[in-house]
**Student:** 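Here it is, the structure in full.
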Amino acid sequence: MNKRTLSLSLYLNYFVHGIGLIILTQNMQALSQHWNSPLATVSYVFSGIGIGRIFAYFIFGNLSDRFGRKVFVNIGMLSYLVFFLGMAFVNNIQVAYALAIVAGIANSALDSGTYATFIEMGGNQGSANILIKAFMSIGEFILPLFIATLEANQAWYGWSFMLAAAVLVFNLFFLNRQTFPQRNLADDATAVAAQQLPKSRRILASIGLAGYGYTSMALMILYTQWISLFVTKTYGFGPVLAHLLLSLYSIGSITGVIVIFILLRTGFTERKLLVGMNIGSLITLAVVCYASVPWLSMIASFAFGFLAAGGAMQIGLNIFLRLYPHIKGTITGTFFTFGSVAAFTIPLITGWLSKQSIAAAMRSDLVVAVAGLICVAVTAWALRPTHSLATDRQTINQIDQKIVRLLNQRFETVTDISELKQQAHLPVLDQSREDRVLDRVAQRSSEAAHTPYLQAIYQAIMSNSRAYQTARKTTTQQVSPSTAHATGMTTKEDLHD
Ligand SMILES: C=C(O[C@@H]1C=C(C(=O)O)C=C[C@H]1O)C(=O)O
């Protein structure tokens, strides 16, 4: 399995999915003319996507645990291909509705296969799931520009559908050349830690996370649906500023994905990050809901995008997946079923609230933010670290992962030094340098009781560093024997001390 190419291929699907998310709304006018139907009917067709999603998530998640991830990623791609090709030509509303359902199914099949695959690739792939969001955003960013270009050239609207279809056809070949990781391969530490958790705490965390599946999606959908209208009606902001707020939210979201990806790579705890982001979302949302000053709204909208749409939902899912490492597909399905219910109910609830006032509809997002914060706080509390053999060993695994990475870097530098010493005809051993290294270790050690042990470890590191240099030297000399006499080999001493 080549992690890089497989990841790239999986990400490419989410670029297409990003296009799929907005292609209908972006082509609303053109479709309405083509179908000879009013905008309201076109809008009704869109609801098919939500229906397809809700029904497919749970079934697919479960099945992907049984039949493997690759099948479902393929089902997702093929369904999307049918959707894009079909929608470009269809002129019958019923068929269009059926195609919208197919898009919903495509979405669920992709998710059911992909999120689990990233976790199953091992390593720190939880952060990889966050990047899925980044690729969706790229798709959502590029499509409007592409459509604008088509419109400017008075070209056929269907080319935007063809663009997505072309990427999919290419990726169907590309992806099917890759091998997927073994299914439900929970790394030992995760499996043990999950088993060690008392049942009551696991149930509590599951309730919190399922709830977060709903609130995290609701928080974003409600915001994007009402923000522009809210600031126009409530504060009298102009149309440019109203749309700018939404763009700032998107830019914040992309920035958030990148920053969070880096934070997770550097070993930030997902639990703490999630609670922090939800506190931040609530505060920034409150600012947007009550600040009537444009510049403050702009900053808050960017920050809200960063915190609420910068991969927080994916972090929630990652924590959920670690809790049930043997049924990742089912968990992904369950989590997104709750999200789909949010996508379906929020427009209905806020539509009803908007009859009272637009401000009431918008500010109801604060209730969602509070509910989301309660969900993640409950989860974080239930999953608080306790000391046991298994959890402490998991901590050691994480520390070792970092140490090995640093040791690899150290050896890379030793390789450079070895070359330089060979060029300068210097011996491998430099006792005074080694003494200084040991002194520095003693100075740096924060715990006096550890110091002699740390020094012993360093002696072993340096001894191996010398052995490595000597071995390299020997191989280089075999390649160019003419230099052998000049370097003054110290093979024996170096290998044996
Ligand atoms: C890497 C070197 O070679 C040897 C290994 C050392 C190390 O691993 O830190 C230090 C001194 C040398 O005996 C060096 O000269 O710096």
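Start at 1 and go down the list; that is how both ligands and their atoms are numbered. Numbers here are sequence positions counted from 1.
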**Student:** Could you check if a side-chain atom of Leu145 sits within less than 4.5 angstrom of a side-chain atom of Phe141, using non-hydrogen atoms only?
**Tutor:**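 Answer yes - side chains close enough.
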
**Student:** Judged by atom type as modelled, is there a donor-acceptor pair below 3.5 Å linking the side chain of Ser445 to the main-chain atoms of Val441?
**Tutor:**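 No, because the side chain of Ser445 does not come within donor-acceptor range (under 3.5 Å) of the backbone of Val441.
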
**Student:** If you define the side chain from C-beta out and look only at heavy atoms, does anything of Met313 sit under 4.5 Å from Phe336?
**Tutor:**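 Touching, per the 4.5 Å side-chain cut-off.
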
**Student:** Among Thr114, Thr117, Leu63, find the one that has a side-chain contact (heavy atoms from CB on, under 4.5 Å) with Phe72.
**Tutor:**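 Option passing the side-chain contact (heavy atoms from CB on, under 4.5 Å) with Phe72: Leu63.
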
**Student:** May I ask you to identify the nearest protein heavy atom to atom 5 (C) of ligand 1, giving residue, atom name and distance to one decimal place in Å?
**Tutor:**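 In this structure, atom 5 (C) of ligand 1 has Ser465 OG, 3.2 Å as its nearest protein heavy atom.
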
**Student:** Does Arg69 count as lying over the ring of Phe118, i.e. NZ or CZ under 6.0 Å from the six-ring centre, within 45 degrees of the axis?
**Tutor:**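 Relative to the ring axis of Phe118, which defines the angle, Arg69 lies outside at least one limit.
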
**Student:** Take every heavy atom of Gln431, measure it against each atom of ligand 1, and state whether any distance is under 4.0 Å.
**Tutor:**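 No.
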
**Student:** Does some non-hydrogen atom of Val428 fall short of 4.0 Å from ligand 1?
**Tutor:**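 Yes, Val428 has a heavy atom closer than 4.0 Å to ligand 1.
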
**Student:** Please list the nearest protein heavy atom to atom 15 (O) of ligand 1 with its residue and the distance rounded to 0.1 Å.
**Tutor:**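 That would be Lys421 NZ, 2.7 Å.
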
**Student:** Mark up the atoms of ligand 1 that fall under 4.0 Å of a heavy atom belonging to Leu429, in ascending order.
**Tutor:**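 Numbered from 1, ligand 1 contributes 13 (O).
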
**Student:** Please report the shortest heavy-atom distance between Leu197 and Ala382, naming the atom on each side.
**Tutor:**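 Leu197 and Ala382 have their closest heavy atoms at CD1-O, 4.1 Å.
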
**Student:** Do Arg466 and Ser463 make a side-chain contact, defined as non-hydrogen atoms from C-beta onward lying under 4.5 Å apart?
**Tutor:**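 Result yes, sub-4.5 Å side-chain heavy-atom pair found.
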
**Student:** Measure the distance from atom 1 (C) of ligand 1 to every protein heavy atom, then report the residue, atom name and distance (to 0.1 Å) of the closest one.
**Tutor:**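 In this structure, atom 1 (C) of ligand 1 has Gln469 NE2, 3.5 Å as its nearest protein heavy atom.
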
**Student:** Please report which non-hydrogen protein atom sits nearest to atom 13 (O) of ligand 1, along with the residue it belongs to and the distance in Å to one decimal place.
**Tutor:**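 So the nearest neighbour among protein heavy atoms is Glu434 OE2, 2.6 Å.
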
**Student:** Nearest protein heavy-atom contact for atom 9 (O) of ligand 1: which residue, which atom, what distance?
**Tutor:**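 Ranked first by proximity to atom 9 (O) of ligand 1 is Arg410 NH2, 2.8 Å.
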
**Student:** Give the residue and atom name of whichever protein heavy atom lies nearest to atom 16 (O) of ligand 1, and the separation in Å to one decimal.
**Tutor:**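 Answer, as residue, atom name and distance: Ile417 CD1, 3.6 Å.
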
